[in-house]
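The structure appears right after this line, and notes come after that.
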Number of protein chains: 2
Amino acid sequence: MEKRATIKDVAQAAGVGVATVSRVLSGGSASPSTRERVLAVAAQLDYRPSALGRNLRQRRTGGMGLLVPDLTDSFFGRLAEGVLACARSAGEPVVVGSTGDDPEQESELIGMLLEQSVDRVIAVPSGDADAWRPAIRAGMTVIFADRLPAVPQDPAAASGFGDLMLLDGLAAAAPPPARALDAPAVLADDRAGIRTAVRYLSGLGHRRIAFLGGPGHDRRVAAFREAVGEPMDEELIVFATGSRDSAYAAASGLFQSRPDLSAVLAGGNMLGEAAVLAARELDLRVPQDVSLVMYDDVPWAELCSPPLTVIAQPGRDIGYRAAELVLRAGSRRPRTVVLPTELIVRGSCGPRR
Amino acid sequence: MEKRATIKDVAQAAGVGVATVSRVLSGGSASPSTRERVLAVAAQLDYRPSALGRNLRQRRTGGMGLLVPDLTDSFFGRLAEGVLACARSAGEPVVVGSTGDDPEQESELIGMLLEQSVDRVIAVPSGDADAWRPAIRAGMTVIFADRLPAVPQDPAAASGFGDLMLLDGLAAAAPPPARALDAPAVLADDRAGIRTAVRYLSGLGHRRIAFLGGPGHDRRVAAFREAVGEPMDEELIVFATGSRDSAYAAASGLFQSRPDLSAVLAGGNMLGEAAVLAARELDLRVPQDVSLVMYDDVPWAELCSPPLTVIAQPGRDIGYRAAELVLRAGSRRPRTVVLPTELIVRGSCGPRR
DNA sequence: CTTCTCCATGGAAACGATTCCATCATAGTT
DNA sequence: AACTATGATGGAATCGTTTCCATGGAGAAG
């Protein structure tokens with residue numbers, strides 16, 4: 001195990017100073033003859049500059065961080081692939097963390113990135129906007145992907161009655177009000193996607209459409225509410241946590257408590273999977289007994305029987321664009337990007353029975 | 001954007017030398033009173049040691065690298081989740097790269113890791129053993145997961161005649177012969193898994209069983225050959241590259257060229273997906289016309305119709321164990337670990353028609 | 001009381017790059 | 001010929017840590 005050549009070795013072998021080597025290698029000015037000699041020696045010694053030295057001097061780690069809830073979820077897998085593809089073509093390393101949709105783990109991972117001086121991060125956030133504020137204040141360039149961080153729970157709003165009074169009383173002198181974070185993001189056009197799906201189902205005659213949501217689906221739920229309009233039957237909106245079990249339980253519970261519903265819109269591929277499973281378990285036929293639309297297209301949607309009608313979102317592109325943005329950041333502050341979705345009609349929806 | 005406190009700030013504020021702070025923080029010896037004071041000051045200043053400084057001094061980056069062919073493949077997603085879970089609990093960063101099953105990209109990524117002084121790597125290798133030798137010689141601890149690197153193509157074997165002469169002439173002074181790499185690995189018990197599947201299919205009366213392989217499935221193919229025994233009908237073994245299209249083409253081609261086959265063993269989940277699709281396209285009913293076993297269990301296997309009979313392999317565990325090994329390496333050289341597989345019978349196999 | 005040992009402690013030297021700044025040579029201008 | 005502008009060059013400082021080593025003081029053993 002031979003040790004690597006350092007810039008000093010190159011300088012010595014080429015008979016120049018280290019400063020010159022550094023300049024040649026990073027495109028500074030140097031006479032053609034020196035340049036040539038240095039490059040030759042560097043190649044000959046198989047010299048590769050150590051990122052360690054450079055990083056320390058520049059007080060920042062190259063590359064970027066990527067935080068996703070769960071790489072097992074095929075959507076995040078595609079997103080990550082997009083990020084990695086972009087990073088690879090730029091020769092930059094990517095530090096990946098999986099948060100499990102748990103704000104606490106997310107915080108720890110943010111801390112880890114801070115410690116590593118990773119100052120560019122792409123995140124599918126699980127925590128509050130407040131969880132991200134410290135990172136941004138520390139100088140991190142953060143680009144959110146797929147979702148935006150929730151606007152922080154106002155402690156007053158959380159716990160009922162007396163708090164309303166409190167809120168009233170303190171309205172003027174209140175501490176910094178819960179507010180959204182303004183940070184660039186790359187998102188799918190959830191609003192349009194959901195609306196398209198709801199319109200499609202309505203067009204088939206469905207009146208009782210349920211929404212199966214998961215963590216981070218706030219914008220989708222909001223879009224669903226908007227698309228369905230008043231009066232909203234609140235029981236038709238149910239939530240699961242990130243796990244498969246929870247998704248199944250939510251779906252199964254929904255079908256059992258509301259036998260009158262005729263269509264379900266699943267907010268993500270795991271929810272869709274759970275819905276198919278639960279329906280099958282309860283002997284509900286798709287689409288005769290219940291119609292199903294899944295948000296997010298996955299390869300197996302076609303293999304399912306019936307093949308699932310879905311709203312496709314460009315997961316890979318989301319990642320790729322986010323990586324581009326975070327790499328180009330610094331020149332000018334990147335602005336939020338919204339990518340289109342597409343309704344793909346297969347076989348899981350039918351007219352209201 | 002305020003800048004972070006350094007160890008010097010802490011030392012000054014605590015009225016001690018930097019060496020003492022360093023010792024306190026990394027568990028060296030110090031008097032209880034100093035220790036307490038330093039810790040208090042550090043907490044108060046919200047001091048976090050910079051990984052940059054430490055890494056440079058120790059000439060190595062903490063954490064580990066992870067190289068997989070494709071995060072979009074649910075198996076590698078699970079494997080990555082396992083690695084990340086273990087790393088997270090150790091507080092270590094993971095640099096992830098996706099090779100696309102391309103040896104060239106893999107080499108570039110290895111180079112990137114070398115440049116970053118990442119000296120511990122978990123890899124699902126795509127390239128030769130030769131591609132990995134330099135990294136190992138440079139002092140990297142490499143643990144292979146899921147597969148072993150192929151034993152290098154002997155250049156003489158590759159290109160015919162003239163080379164034989166060359167080989168003859170140089171036989172004595174020849175460069176080190178192509179040989180396998182001896183490096184620890186964490187693998188699924190492919191041999192047992194494949195054998196179980198083949199026996200299961202044989203037991204159902206199948207005599208013409210085909211194998212659909214992908215990149216890195218060498219060990220599975222070998223196991224298949226062994227399990228089927230002589231005489232082997234070579235046409236029944238077909239290969240695809242990593243892409244979905246290629247997998248579909250291979251499956252479709254197989255079904256069309258050999259209408260006499262009665263069972264297919266798909267070497268990975270993408271191959272299985274392709275087989276289902278191709279069969280459906282050609283109006284072959286599963287399992288009446290053709291039986292199908294897929295290597296690797298995925299959530300959608302149950303949603304398929306019929307639900308797929310699979311050989312499950314513990315993807316997440318493979319990743320987790322590999323990460324454990326690579327973290328514990330250094331004490332003693334880790335040895336290869338083989339994890340069990342399990343045949344899960346669902347509905348995609350039937351008696352020979 | 002002396003000597004020896006043991007620990008806590010802080011100064012300073014790494015680690016490997018980038019970059020500021022001073023120096024020097026050469027060419028161009030008056 | 002004298003002076004200036006320009007560009008190449010190398011020395012040295014710097015980044016934030018860890019770690020080696022010397023120092024000094026306290027306690028134990030003689």
Side-chain angles (χ1 to χ4, degrees), chain A residues 2-39 41-42 45-63 91 93 112 114-119 138-139, chain B residues 2-39 41-42 45-63 91 93 112 114-119 138-139:
Chain A
E2 61 268 19
K3 60 183 175 309
R4 275 164 56 186
T6 75
I7 199 176
K8 215 178 287 182
D9 300 327
V10 177
Q12 195 165 11
V16 298
V18 291
T20 303
V21 177
S22 174
R23 249 164 306 181
V24 167
L25 261 30
S26 47
S29 74
S31 79
S33 74
T34 331
R35 167 177 307 273
E36 196 179 352
R37 188 153 31 101
V38 168
L39 288 177
V41 170
L45 291 187
D46 189 32
Y47 168 70
R48 308 179 62 107
S50 155
L52 261 37
R54 178 190 355 232
N55 290 346
L56 176 57
R57 172 63 219 240
Q58 311 190 323
R59 281 114 81 59
R60 54 185 294 275
T61 297
M112 184 267 281
L114 243 19
E115 203 157 307
Q116 302 289 326
S117 302
V118 173
D119 62 352
Chain B
E2 60 268 17
K3 59 185 177 307
R4 277 163 57 185
T6 75
I7 200 177
K8 216 178 285 184
D9 301 326
V10 177
Q12 195 165 9
V16 298
V18 291
T20 304
V21 177
S22 174
R23 254 168 315 212
V24 167
L25 262 28
S26 47
S29 74
S31 79
S33 74
T34 337
R35 166 177 308 269
E36 196 179 353
R37 188 153 33 100
V38 168
L39 288 177
V41 171
L45 292 186
D46 188 33
Y47 168 70
R48 308 179 61 108
S50 154
L52 260 38
R54 177 186 351 212
N55 290 346
L56 176 56
R57 172 63 221 236
Q58 310 189 324
R59 284 119 81 56
R60 52 184 297 273
T61 296
M112 184 266 282
L114 241 21
E115 202 157 308
Q116 302 289 327
S117 303
V118 173
D119 63 350

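Chain letters run A, B, ... following the sequence lines, proteins first and then strands; every chain starts at 1.
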- Message: Please evaluate residues A:Leu114 and A:Asp119 with respect to the criterion side-chain contact (heavy atoms from CB on, under 4.5 Å), reporting the C-alpha separation (whole Å), side-chain torsions for both, the decisive distance (0.1 Å), and the verdict.
- Response: CA-CA 7 Å; A:Leu114 243 19; A:Asp119 62 352; over 6 Å; no
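Counting any heavy atom pair closer than 4.0 Å across all strands shown, A:Thr6 reaches sugar-phosphate atoms only and no base atom. Looking at heavy-atom distances under 4.0 Å, B:Gly17 makes contact with sugar-phosphate atoms alone, never a base. Across all strands shown, A:Leu52 has no heavy atoms under 4.0 Å from either base or sugar-phosphate atoms. Among the protein residues, B:Ser26 comes within range of no part of the nucleic acid, since none of its heavy atoms lies under 4.0 Å from any strand. Within 4.0 Å of B:Ala19, counting heavy atoms only, lies at least one base atom of the nucleic acid. Looking at heavy-atom distances under 4.0 Å, B:Ser50 makes contact with sugar-phosphate atoms alone, never a base.
At C:dT9, one or more side-chain N or O atoms of B:Ser31 fall inside 4.0 Å of OP1 or OP2 (strictly under the cut-off). Within the structure, every side-chain polar atom (N or O) of A:Ser22 is placed at least 4.0 Å from both OP1 and OP2 of C:dA17. A:Ser29 has no side-chain polar atom (N or O) that falls below the 4.0 Å cut-off from OP1 or OP2 of D:dG7.
Place B:Pro32 and B:Gly53 on DNA chain C by their nearest nucleotides, and B:Pro32 ends up nearer the 5' end.
Listed here is the closest heavy atom pair of A:Ser29 and A:Arg23: O-CD, 3.9 Å. Closest approach of A:Val10 and A:Val21 over heavy atoms only: CG1-CG1, 3.9 Å.
In this structure, the NZ atom of A:Lys8 is 10 Å from the P atom of C:dA17, given to the nearest Å. The distance from atom CD1 of B:Ile7 to atom P of C:dA12 is 16 Å, rounded to the nearest whole Å. With rounding to whole Å, A:Arg59 atom CZ is found 12 Å from C:dT19 atom P. Between the CG atom of A:Leu56 and the C1' atom of C:dA14 there is a distance of 12 Å, given to the nearest Å. Between the P atom of D:dA8 and the CZ atom of A:Arg37 lies a distance of 14 Å, rounded to the nearest Å. Rounded to whole Å, the distance from CD on A:Gln58 to C1' on C:dT19 is 10 Å. Rounded to whole Å, atom P of C:dT18 lies 13 Å from atom CZ of A:Arg60. Summarising the geometry, the separation between CD on A:Gln12 and P on D:dG10 is reported as 13 Å, rounded to the nearest angstrom.
Contact annotation: side chain of A:Arg57 to base of D:dG16, donor-acceptor pair absent below 3.5 Å. In this model, a side-chain donor or acceptor of B:Arg23 finds a partner on the base of C:dG10 within 3.5 Å.
Across D:dT9, C:dG10, C:dT18, the shortest atom-to-atom separation from the side chain of B:Val16 is found for C:dG10. Here D:dA12 is the nucleotide among D:dG16, D:dA12, D:dT17 with the atom lying nearest to any side-chain atom of A:Val18.
Atom-to-atom distance recorded for A:Ile7:CD1 and A:Arg48:CZ is 15.0 Å, nearest 0.5 angstrom. Taking CZ of B:Arg54 as the reference point, atom CD of A:Glu115 lies at 6.0 Å (rounded to 0.5 Å).
Using a distance-only test at 3.5 Å, with no hydrogens or angles considered, a donor-acceptor pair links the side chain of B:Arg37 to the main chain of B:Ala14.
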